[in-house]
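All remarks here apply to the structure that follows.
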Protein chains: 2
Amino acid sequence: MRPTVHDIAAEAGVSLATVDRVLNNRPGVRTVTRHKVERAIATLGYVRDVAAANLAKGRSYPLVFILPAGENSFMRGLEAEVRAAMARSAAERTDITILSVPAFDAPALAAALMEARERRPAGVAVVAVEAPEVTEAVKRLREDRIAVVTLVSDLPGSGRDHFAGVDNIAAGRTAGSLMGRFIGGREGAVAVVAGSMLVRDHRDRLEGFRAVMTEDFAGRCILPVIEGQDNPTLVEKLVGALLERQPDLAGIYSLGAGNRGLVAALEKAGREKTICAIAHELTPHSRAALVSGTIDALLNQNAGHEVRSAIRVLKAKADGLPVISAQERIRIDIFLKDNLPLEQA
Amino acid sequence: MRPTVHDIAAEAGVSLATVDRVLNNRPGVRTVTRHKVERAIATLGYVRDVAAANLAKGRSYPLVFILPAGENSFMRGLEAEVRAAMARSAAERTDITILSVPAFDAPALAAALMEARERRPAGVAVVAVEAPEVTEAVKRLREDRIAVVTLVSDLPGSGRDHFAGVDNIAAGRTAGSLMGRFIGGREGAVAVVAGSMLVRDHRDRLEGFRAVMTEDFAGRCILPVIEGQDNPTLVEKLVGALLERQPDLAGIYSLGAGNRGLVAALEKAGREKTICAIAHELTPHSRAALVSGTIDALLNQNAGHEVRSAIRVLKAKADGLPVISAQERIRIDIFLKDNLPLEQA
DNA sequence: CTGTTAGCGCATTCAA
DNA sequence: TTGAATGCGCTAACAG
């Protein structure tokens with residue numbers, strides 16, 4: 001049987017309370033006593049039973065998630081994952097509140113952060129928009145010792161505790177690499193459609209994509225970025241116009257959302273087979289387009305992983321515990337029609 | 001505060017023991033009493049605290065992992081993940097033993113399964129070789145109510161409880177799809193290097209690969225399969241010979257292990273830039289080859305996920321609990337040099 | 001500075 | 001068929 005606090009108390013010749021004190025390094029133990037206990041811990045090879053500890057503590061973690069509103073399928077999927085986490089909250093001892101704000105709206109986001117602050121949660125997870133007022137709000141939360149994790153889109157320089165999302169520069173590079181190889185020797189320019197240059201993730205993807213195209217596919221012309229605000233209607237209009245003025249277009253990299261518009265424009269123009277399209281995020285629409293062949297490859301960040309990671313990190317930070325960063329790294333998935341996970345998964 | 005057994009006992013007007021009986025549907029409760037309790041559970045919205053339950057039970061899960069011996073980096077990585085799980089065994093209430101057997105050796109594997117059986121574990125995870133004696137041994141374990149999970153390579157028809165591994169047909173298809181697109185319009189045949197046709201995963205990958213090449217890249221010639229026994233030295237020899245007799249080779253799909261041999265042969269022949277190489281499993285060697293460009297794409301199954309999934313399933317099956325199969329699905333990762341996770345991760 | 005004691009939510013004797 | 005009592009491994013008052 002593995003050793004318990006009782007065993008180490010006996011071995012060290014002290015009481016349970018003392019053992020508990022050194023285990024949770026609380027004050028009020030003489031150095032000699034502490035050493036005795038530590039030695040007992042070492043010789044017996046004691047490892048604390050976290051489940052039992054949590055049971056005894058009865059601690060719970062009030063958390064706030066701030067997510068963008070709107071039709072964006074990825075964000076709705078993200079919200080669904082947060083709600084799934086709420087359903088598990090009994091078992092995970094969390095108490096989660098969701099706050100919804102308009103997309104790409106820095107003042108509204110800053111206001112939501114202040115609202116979150118008033119709830120005095122243990123931690124806040126936020127899909128960030130890069131703006132001074134948002135940075136400022138995050139700093140205020142940190143001053144109140146509220147843990148902050150940026151989700152999906154980061155906010156460097158804000159002092160947030162952690163970023164739960166993918167390396168978007170690498171994502172852009174990956175898209176560039178696939179695009180260059182898939183197009184191969186064919187002629188024609190490549191277009192880039194983004195949502196907004198106000199969010200860090202989109203800027204990073206663009207940077208990565210351009211870097212690879214310059215390094216490895218130097219002859220290829222990259223057209224100026226189109227900003228579609230992650231809005232399918234707008235994206236469709238802009239891409240439609242693009243297709244008209246670029247009869248020789250070889251590829252489109254859609255690094256934001258609104259892919260329904262992209263797909264519609266390509267199919268209306270009858271160019272879905274000749275243009276290599278690479279987009280982000282696996283949603284019901286993008287999935288269908290991948291299967292049909294309109295989209296050639298999809299880069300994805302697993303929203304479920306991101307939410308669960310954010311919660312783990314928030315809890316750890318709230319307890320002042322270190323985070324095993326290797327374990328919290330979110331991978332960039334590449335999906336072709338052949339390695340698509342089953343529906344619903 | 002969420003309701004506890006006490007609350008539902010009070011609500012139903014019975015004792016703790018009775019509540020416990022209906023909760024774990026044990027006999028010895030009148031139907032009326034049972035109904036009262038069930039109603040209380042429903043109205044209070046009770047959910048059992050699994051951690052507390054486990055604490056009270058003090059149950060632990062003796063498990064056996066049977067892994068192939070040898071230099072195969074992927075398998076050694078797998079073993080490292082099992083050892084990592086052993087390190088967590090205190091917290092997870094598992095007690096894991098590793099059994100090592102020669103690779104591709106059905107009699108030895110069958111013997112190991114019988115050895116595992118004598119330990120009377122709650123469950124066994126095994127990297128399967130497809131052979132009647134192995135199937136038979138697995139059936140015996142099942143008869144002794146020992147849960148069995150196949151790991152990495154499956155054993156259909158054996159009655160194993162679960163397969164913790166990727167869909168290898170889909171993996172082969174993915175490789176085919178990438179191969180066809182990366183080669184594009186270039187001339188030349190494509191070769192396939194396998195480990196052994198005795199293991200299901202290799203056979204499945206081959207099937208998927210051939211299917212896609214036939215469906216989508218019909219003009220491309222696929223050479224007969226080379227079996228390298230996952231042995232780098234043998235692979236190097238065989239691929240070396242292949243390169244000599246096929247001066248126009250356009251691509252190589254290595255669906256097994258021994259990639260050190262593949263890389264060495266390509267580089268010695270100076271063909272690493274002109275031949276598109278796609279291989280499996282991210283190891284230090286394959287990673288280096290991907291970065292240098294000798295390997296163009298790597299398909300990967302995350303050994304850590306597989307091991308953790310196997311353990312979860314084994315515990316669930318041992319307790320007679322259902323498995324949420326969607327959650328246990330192992331994804332096929334595609335790595336290019338651009339989306340490689342950081343070292344060590 | 002150290003020890004005693006009473007739970008956390010649940011499972012399990014042993015009596016009744 | 002039911003209930004009272006005890007303990008799992010740990011934390012947290014409260015005493016000393």
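Convention: sequence-line order gives letters A, B, ...; per-chain numbering from 1.
Listed pair T18(A) / dG3(C) meets the phosphate criterion, a side-chain N or O lying under 4.0 Å from OP1 or OP2.
Between dG9(C), dT1(D), dC10(D), one nucleotide has an atom nearer to the side chain of A52(A) than all others, and that is dC10(D). Which of dC10(D), dC10(C), dT2(D) sits closest to the side chain of T33(B) comes down to dT2(D). Counting only heavy atoms from C-beta on, S15(A) has its side chain closest to dG3(C) among dC10(D), dG3(C), dA11(C).
As a whole-Å value, the separation of I8(B) CD1 from dA11(C) C1' is 14 Å. Taking atom NZ of K36(A) as the reference point, atom P of dC1(C) lies 14 Å away to the nearest angstrom. Computed from coordinates, the R48(A) CZ to dC8(D) C1' distance equals 16 Å when rounded to whole Å. Across the protein-nucleic acid pair, R2(B) atom CZ and dC8(C) atom C1' stand 11 Å apart, rounded to whole Å. Atom-to-atom, CZ of R59(A) to P of dA12(D) comes out at 10 Å; the value is rounded to the nearest Å. One interatomic measurement links the two molecules: CG of L23(A) to P of dA12(D), which rounds to 12 Å at whole-angstrom precision. At whole-Å resolution of the value, NE2 in H6(A) and C1' in dC10(D) are 9 Å apart. One can place CG of N25(A) at 17 Å from C1' of dC1(C), the figure rounded to the nearest angstrom.
Of the candidates D154(A), L109(A), L78(A), L155(A), L78(A) is the only one forming a side chain to side chain contact (heavy atoms under 4.5 Å, CB included) with V127(A).
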Measure all distances between protein nitrogen or oxygen atoms and nitrogen or oxygen atoms of nucleotides 12-14 of chain C, and list the pairs falling under 3.5 Å.
residue, atom, partner, partner atom, Å
dT12(C), OP2, R26(B), NH1, 3.1

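The closest donor-acceptor contact from the side chain of D161(B) to the backbone of V148(B) lies under 3.5 Å. Of the possible donor and acceptor atoms, one in the side chain of N302(B) sits under 3.5 Å from a partner among the backbone N and O of G304(B).
Comparing L55(A) and G28(B) by the nucleotide of DNA chain D whose heavy atom lies nearest to each, the residue mapping closer to the 5' end is G28(B).
To the nearest 0.5 Å, the span separating CZ on F163(B) from OG on S325(B) amounts to 14.0 Å.
Using a 4.5 Å heavy-atom cutoff, the side chains of V149(B) and V124(B) are not in contact. Side-chain contact check for R83(B) versus I98(B): some heavy-atom pair is nearer than 4.5 Å.
Using a 4.0 Å heavy-atom criterion, one finds that V14(A) contacts the sugar-phosphate atoms exclusively.
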- Task: Run the numbers on K139(B) and E143(B) for salt bridge (Lys or Arg N to Asp or Glu O under 4.0 Å), then give the verdict.
- Result: CA-CA 6 Å; K139(B) 282 184 180 160; E143(B) 282 162 14; over 6 Å; no
